[in-house]
Each structure stands twice: as C-alpha cells, then as structure tokens.
Number of protein chains: 2
Amino acid sequence: MTAQPIRVLLVDDQPLLRTGFRMILEAETDIAVVGESGDGEQAVADARALQPDVVLMDIRMPRVDGVQATRQITGAARETAPRVLVLTTFDLDEYVVEALRAGASGFLLKDVPAEDLVTAIRTVSRGDAVVAPSITRRLLDMFASRFPAADSPTPANLAHLTDREREVLTLVARGYSNAEIAAELVVSETTVKTHVGNVLTKLGLRDRVQAAVYAYESGLVQPGAL
Amino acid sequence: MTAQPIRVLLVDDQPLLRTGFRMILEAETDIAVVGESGDGEQAVADARALQPDVVLMDIRMPRVDGVQATRQITGAARETAPRVLVLTTFDLDEYVVEALRAGASGFLLKDVPAEDLVTAIRTVSRGDAVVAPSITRRLLDMFASRFPAADSPTPANLAHLTDREREVLTLVARGYSNAEIAAELVVSETTVKTHVGNVLTKLGLRDRVQAAVYAYESGLVQPGAL
DNA sequence: TGCGGTCTCCACCGGCAGGAGGATCCCCGC
DNA sequence: GCGGGGATCCTCCTGCCGGTGGAGACCGCA
C-alpha cells in the first residue's frame, strides 16, 4: 500500500502472545514488527530506540504497567510520538479511562479477530482512533452521564437571567469578589451586588458559593476553562 | 443469522440517499427496512409507530434536527428504545457531542463503505456502539483534554490536605454553609471553620467561593456528581 | 517517653456579602 | 407618548465568613 511499511512494536509480558501477534502481523506486507518488549519499562526504552509508528500495548504488565508506559511514550514528543494501541483482556472501565488520559489511540479486546487487528493498526497509524464496540458503548455512556443533558446547560432558570446577570455569574464562578467583578466590568460594586442579588433570587440560591456551584453544574462554565 | 431480521428506520431529508441506503440494506437477509422519514418530526412519530431496532439518522434535517429527534427517540423508554446510528457528512465536533448527549449509539460518516454500514447496524442492534475512526480520534482527544492528566486531580496542593479537610472542601463545593457542614459531619461549627481556614491557607485561596471553584477545577468534585 | 500531626473546640473581631428600599437613565414596543 | 424591562447607582443594616490566638485529646512514630 505505502512504500514504507508500518513499524510496529509489540508489548506483552507473555512471549507466546507476542509470537502469535507477530505471526499475524508479518503476514501483512505493509506491516513490519520492529521489536518486542516484555514489560512497560522496556517498552518505553524500546519505543525511544526503535521509533515505531504503532505500539501494540498490553495493559497489564509487571514493573511499569501499560498505562504508565503509554503516558511516557505518548507524552514525549506529541507530534512524532508513536501511536499506542492498547489491548485489554476484559473491558475494564478502570484501565480504559486511565489509558485514555494517558494518550492511547485505541483499545481492543485480546480476542479481536486477526483481520480487525490489522485494520486497527492501519487506522491508528493514519492518526485515527479505534475502539472496540463494547468499549465504545461504555465510553459513550460515560460521556453522556458526564454531560447530563443537552438542555440542562440552560435549565430554564438560566434562560431567565439577563445577559449581564449571566456575565456576572460566570465571574462569580471564577472566584471573583464583588469588587473584582466591578473592576472587571467597569461598573460600581453596588451594581454588581444588585446583579448578584438578582441571580440568587432568580435561581433560588442562597449565596455566591451556590451560584458558583450552579454555574459548574449547569454547564455555564466548565472545568479547564479557567 | 437471527430468526428476526433487524428492523431499520431510515431518516434523511434526501429521498435519493434513503433509496441508496435501502438498496444496500435490503441486500442483507438479516436486515429489514421498515420505514423512511423525511424530517426529524416525522422520524420521532415513525419510531414510535414502527418500533424499529435501529434508526439510521441524518443529523442535518429540516424542522426537527437529528439531535433533537435522537433525544426524543432514545429518551422515551430507555430499555426498549431504538438504537440511533447517526450519519454525518463532516465530522463536526459540535453535532457529535450533542448527539452523544442525546443518546446516540454511534456515528458514521456518510461516505462509509456499504459493508461497514451493514456491520455497524448489526453492532448497534446488539447494544454495542460504533464510531467512525476519525470521529473517535476527536472523542478521545476531548476526553483527554477534559480529564487533563491522571495525577492533576491531585495537583500537589490537594495532597497536602488532610482527609478531613478534603472532606470539608467537597462540602463547601456543594454550596454548604459552615453550619450545614457542621451538621453533616456532626461537629461544631467552630471546627468546620478551622478546617475551612486550613484549606484556604494551604491552597492559597481567599474565600470559600474560590475553594469551590478549586474543587471543580482540580477534579475533586465533578459536574453531574450532585 | 516525647514529639508532631490531626481533629476537636472556644472567643473575639473586622469585613464582605446579601437583603430591603428607592432612584435614575435608556431603549424598545404598544 | 407612555409603560416596562434592563442596567446603573445609592444607603442602611444584619449576619456569616474568615483571621488570629489559644487549647485539650488522641494517635503514631521515633
């Protein structure tokens, strides 16, 4: 397909499994297994030395586990870093989320059919991502639960606020005092207090702390936006 | 494969596209197209009337868009509700996230190969999820960025807090007053004030509002957990 | 045994927040 | 033209919050 074959590094603590994967992959002309690692520590070193395009990584391993290894491999040089395709025996949420944060480009169950594995490696090497269907299901569920609903970001009450009030609310949710908000908006502190008071009344809240919480819970402001 | 074929409802405002999909799907013995809808409003009605297993939903449509329609279709009876497989022309983040929240079970680009579409429908009807690789990439990126890192939830400072202090902080982040926290923890308000004061000092914050914000930003508490 | 850390509690005080009540200005729609 | 809503500003007052300083009890570790 391409002139240069896809360079793959196999990482698994079971030599037998590595051999199995190697046989599957070497049957493909566009894929070349450039190395094998028996634990996470070695995987990190090998990834650095061999510069593979894709790392096929078992998640459960001695010494440094797959998540740690993934973090170190993907964390180095974001652009040129190898893509990590994580293999799990079971679709444990725990590991999946962790590996995700660590920068993995995909997740497959170990019982994946040979042809799917090959396809996945090609997909990942292109820069896209692959997730086993059953795991995808869980990811979507997590996503959905974490962002409660599409209209809850504007739970009726929030819509009743004026633009200015909403503006003040977001500043409250950043920990600003009334004086600071006043300075930010170039108005008097009294005005700010009026707005804050209106917000509290309209939303049925007691104090600015609850207002800040409300801002986060409603999606008006989001973590990381700071 | 199964005794009962998978019942599919096609939703797209372009009749030509519907016809194309119908031809592809009817070639499969285990899939039966039970209806077609030209807009979101009709789709919701048809889904109710025809009780399909899978709804193939275009996201951009007149009247009621695909996201709205998805929400209404999946929202009804969570268990028996049809699975919604969303089709997008481009991999627009906007729509994907919205559809996700709305309860979609999958996303495919419209240029998907026929065989992949068929496979996806089977996968979704099983209760699993399918996402096009390029979209999966974006989802994973969003996920990673939303949960910055594995250790950032404990940004050093948070680790300096005692268990009790962390406990108090989470309650502050729920909008509780000192008196309420005292009642909750069955201690005197004085004690609570001490803890809160310690938290503020240790984290370098000014007041409980900033503490609440910090709790959200650090990941100690998360939206939706309320 | 003694030290340090944590949790618990108290009194006192200054300050900002939030409620009540009223006021002006501007813009928009009837 | 007139009413209504929004934004702006003011004063007075109450109360909770947060800071300071101090103290006793418990636990674990040296």
Side-chain angles (χ1 to χ4, degrees), chain A residues 153-218 220-221 226, chain B residues 151 153-221 226:
Chain A
T154 310
N157 291 331
L158 201 61
H160 294 153
L161 298 183
T162 67
D163 290 342
R164 199 55 157 176
E165 285 162 358
R166 218 172 291 115
E167 198 177 357
V168 170
L169 176 53
T170 62
L171 293 177
V172 168
R174 294 177 66 165
Y176 285 33
S177 69
N178 286 337
E180 286 168 343
I181 296 174
E184 178 79 20
L185 300 181
V186 199
V187 295
S188 84
E189 190 177 338
T190 309
T191 304
V192 174
K193 292 177 81 169
T194 304
H195 288 317
V196 172
N198 288 337
V199 169
L200 296 179
T201 302
K202 287 186 180 179
L203 298 181
L205 304 173
R206 183 180 48 196
D207 53 44
R208 60 201 298 106
V209 185
Q210 293 190 347
V213 172
Y214 184 94
Y216 275 97
E217 293 294 334
S218 70
L220 212 210
V221 303
L226 243 172
Chain B
D151 30 16
T154 310
N157 290 332
L158 237 182
H160 294 153
L161 299 183
T162 67
D163 290 341
R164 199 55 159 174
E165 286 161 356
R166 219 173 290 115
E167 197 177 359
V168 170
L169 176 54
T170 62
L171 293 176
V172 168
R174 294 179 66 165
Y176 285 33
S177 70
N178 286 336
E180 286 169 342
I181 296 174
E184 178 79 21
L185 299 181
V186 201
V187 296
S188 83
E189 190 177 338
T190 309
T191 304
V192 175
K193 293 175 79 170
T194 303
H195 289 316
V196 172
N198 288 337
V199 170
L200 295 180
T201 301
K202 288 186 179 179
L203 298 180
L205 304 174
R206 182 181 48 196
D207 52 44
R208 61 202 297 107
V209 185
Q210 293 191 346
V213 172
Y214 185 93
Y216 275 97
E217 292 294 333
S218 69
L220 212 210
V221 301
L226 242 170

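In what follows, every chain begins at residue 1, and chains take the letters A, B, ... in the order their sequences are listed.
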Apply the test side-chain contact (heavy atoms from CB on, under 4.5 Å) to residues A:R164 and A:V187: give CA-CA distance (whole Å), side-chain angles for both, the deciding distance (0.1 Å), then the verdict.
-> CA-CA 12 Å; A:R164 199 55 157 176; A:V187 295; 3.7 Å; yes
Touch check for A:T190, heavy atoms < 4.0 angstrom, all strands: base, sugar-phosphate only, or nothing?
-> base
Non-neighbouring partners of A:L205 that pass side-chain contact (heavy atoms from CB on, under 4.5 Å), sequence neighbours left out | A:L200, A:L203, A:Q210, A:A211, A:Y214
At under 4.0 Å between heavy atoms, which parts of nucleotides 13-29 of chain D does protein reach? Answer with one letter per nucleotide, 5' to 3': B base, S sugar-phosphate only, - none.
-> ----BBS----------
Just call it for A:S188: base, sugar-phosphate, or nothing, with non-hydrogen atoms closer than 4.0 Å on any strand.
-> sugar-phosphate
Sequence neighbours excluded, the answer for salt bridge (Lys or Arg N to Asp or Glu O under 4.0 Å) partners of B:E189 is none
To 10°, what angle do the rotation axes through the five end pairs on each side of the helix from C:dT1-D:dA30 to C:dC30-D:dG1 form?
-> 40°
Grab the two heavy atoms, one from B:V172 and one from A:V209, that are nearest each other, plus how far apart they are.
-> O-CG1, 3.5 Å
A:T194: side-chain contact (heavy atoms from CB on, under 4.5 Å) partners, not counting sequence neighbours = A:N198
If we only count heavy atoms from C-beta on, is the B:V192 to B:L171 side-chain gap below 4.5 Å?
-> no
Measure across A:A173 and A:A212 and return the closest heavy-atom pair with its distance rounded to 0.1 Å.
-> CA-CB, 3.9 Å
Side chain to side chain contact (heavy atoms under 4.5 Å, CB included) partner of B:V168, chosen from B:H195, B:R208, B:K193 | B:H195
Residues B:V221, B:R174; criterion side-chain contact (heavy atoms from CB on, under 4.5 Å); working and verdict | CA-CA 9 Å; B:V221 301; B:R174 294 179 66 165; 5.6 Å; no
Taking the side chain from B:R206 and the backbone from A:G175, do they hold a donor-acceptor pair closer than 3.5 Å?
-> yes
First and last nucleotide of DNA chain C, 5' to 3', lying under 4.0 Å from heavy atoms of chain B | C:dT6 to C:dC10
